[in-house]
Amino acid sequence: MPVPRSYPVLRELWRGVEPPHDRPSLLASALRLSYFTIAWNGAAGVAALILAVLTGSLALAGFALNALLDSSASVVLVWRFAHEQRSPVAAARVERRAQALIGVSMLVIAAYVGVQAVRALANESHPETSAFAVGLAAVSLLVLPLLGARKLEVASLLASPALRGDAVLTLAAVALAAITLCALIANAALGWWWADALAALCIAAALAFEGTRVLVRHRFC
C-alpha cells in the first residue's frame, strides 16, 4: 500500500525512518512524530476521558490519562527538539528537564488511577459498557505500536533518553489499550465488574514502574 509522499510522518510510521540519518533530519523526524502524537493521543485521550466519565470505567480513565500524558509529553519534546534546532549547546540541559517532567507526570497519574481503582474494588463499582469505547481501544492497538516503534528508532539514533521515555510511554499505551479492551469486553460479556478496577490497577502499576525508571535514569545519567 503506497503512502503519499506529501505526508512524511505517515511514511515514517509505515516504513520507518529513512536515510540520511544526520542530526538535523532526525530532529525533523522527532518533531513530526511528536506533533502526530499530540494530535492523535490528544483526540483519543479526550474521547476516552469523556467515555470514562459517562460509563464509570476506571480502566478507560487510566487509558485516557495515559494518552493525554503522552500527548503532553510530546508537547514537552517539541519544545526540547525545537530548542536544540535553535541552540544545540543547550540540548543536554533541556533534555534532562524533559525527562524529569515526563517521569513526574507518570507517577502522579499512576497514584490517582491506583487510588481510584482500590476505591472501586472496595465499593464494588459496576461500570457501564460502551461499543464506542471498545472501538477506540481497538483502533489504538493498530496505530500506537507503529508510533512507539518509530519513536524508539529515532530516540536511538538521536541518543535521546527523553524521546525514548516517551516511546516507552506510547508502547505502554499499547498494553494499556489491550488491558482496557479486555476489561470492557469481560464486563460486557461476562459481567465481571471487578475486571475494570483490576485493569486500572495494572495500568497504575505500569505507569509507576516506567515513571520511576525515567526518573532514575534522569538522576544517574
Side-chain angles (χ1 to χ4, degrees), residues 1-51 60 62-86 91 94-95 97-99 101-103 105-106 109 132-133 135-178 180-181 207 210 214:
M1 176 180 176
V3 179
R5 295 188 61 82
S6 56
Y7 298 98
V9 67
L10 297 181
R11 188 169 64 249
E12 287 172 355
L13 287 178
W14 187 257
R15 298 177 181 172
V17 181
E18 299 177 352
H21 289 159
D22 57 280
R23 194 161 186 87
S25 297
L26 291 171
L27 288 174
S29 292
L31 283 168
R32 283 193 295 268
L33 291 170
S34 296
Y35 282 126
F36 183 85
T37 303
I38 293 169
W40 179 272
N41 274 344
V46 169
L49 192 59
I50 292 173
L51 289 171
L60 193 58
F63 170 74
L65 291 172
N66 181 80
L68 292 173
L69 170 59
D70 197 8
S71 182
S72 300
S74 291
V75 172
V76 174
L77 288 173
V78 166
W79 163 69
R80 177 255 182 272
F81 292 121
H83 197 85
E84 180 175 347
Q85 285 182 327
R86 295 192 304 269
V94 177
E95 171 81 18
R97 288 184 182 178
Q99 277 184 268
L101 287 171
I102 291 170
S105 298
M106 292 172 77
I109 291 178
F132 187 74
L136 181 62
V139 171
S140 296
L141 286 174
L142 298 176
V143 176
L144 295 180
L146 290 175
L147 181 58
R150 298 306 170 236
K151 285 183 181 179
L152 276 181
E153 183 181 359
V154 177
S156 177
L157 293 169
L158 278 174
S160 171
L163 183 57
R164 185 188 183 283
D166 187 48
V168 171
L169 190 60
T170 301
L171 291 174
V174 177
L176 304 189
T180 301
L181 184 60
L207 287 174
E210 291 300 334
V214 169

Stepwise side-chain contact (heavy atoms from CB on, under 4.5 Å) check, Leu77 with Leu31:
CA-CA 8 Å; Leu77 288 173; Leu31 283 168; over 6 Å; no
Judged by atom type as modelled, is there a donor-acceptor pair below 3.5 Å linking the side chain of Arg23 to the main-chain atoms of Leu158?
yes
Just to verify, what does Arg32 make a salt bridge (charged side-chain N to carboxylate O under 4.0 Å, His left out) with, not counting sequence neighbours?
Glu12
Side-chain contact, heavy-atom cut-off 4.5 Å: Val143 with Phe36?
yes
Atom pair CG (Leu33) and CZ (Phe81), whose distance is rounded to the nearest 0.5 Å
9.5 Å
Which is it for Ser74 and Asp166 under the side-chain contact (heavy atoms from CB on, under 4.5 Å) test, yes or no, and what are the steps along the way?
CA-CA 7 Å; Ser74 291; Asp166 187 48; 3.4 Å; yes
Run the salt bridge (Lys or Arg N to Asp or Glu O under 4.0 Å) test on Asp70 and Lys151 for me, step by step, so that the C-alpha distance in whole Å, both residues' side-chain angles and the decisive distance to 0.1 Å come before the verdict.
CA-CA 12 Å; Asp70 197 8; Lys151 285 183 181 179; 3.5 Å; yes
Whether the side chain of Ser140 engages the backbone of Leu136 through a donor-acceptor N/O pair (distance < 3.5 Å, no angle test) should be reported.
yes
Restricting to non-hydrogen atoms, name the atom on Ala173 and the atom on Leu144 that form the minimum distance, rounded to 0.1 Å.
CB-CD1, 3.7 Å
Indicate yes or no for a side-chain donor-acceptor contact from Ser71 to the backbone of Ala67 under 3.5 Å, with no hydrogens or angles considered.
no
Is a side-chain N or O of Thr170 found less than 3.5 angstrom from the main chain of Gly148, in a donor-acceptor match?
no
Atom CG of Leu27 and atom CD of Glu84: how far apart are they, to the nearest 0.5 Å?
4.5 Å
Looking only at atom types and distance, does a side-chain atom of Arg150 sit under 3.5 Å from a main-chain N or O of Leu13, one as donor and one as acceptor?
yes
Please lay out, stage by stage, how Phe132 and Leu51 fare under the test side-chain contact (heavy atoms from CB on, under 4.5 Å).
CA-CA 8 Å; Phe132 187 74; Leu51 289 171; 3.2 Å; yes
Give the minimum heavy-atom separation between Leu171 and Pro145, together with the two atoms involved.
CD2-O, 4.1 Å
Closest non-hydrogen atoms of Leu68 and Val46, given as atom of the first, atom of the second and distance, are CD2-N, 3.9 Å
For residues 153-163, pull every pair meeting side chain to side chain donor-acceptor pair (under 3.5 Å), keeping only residues two or more places apart or in separate chains.
Glu95-Ser160
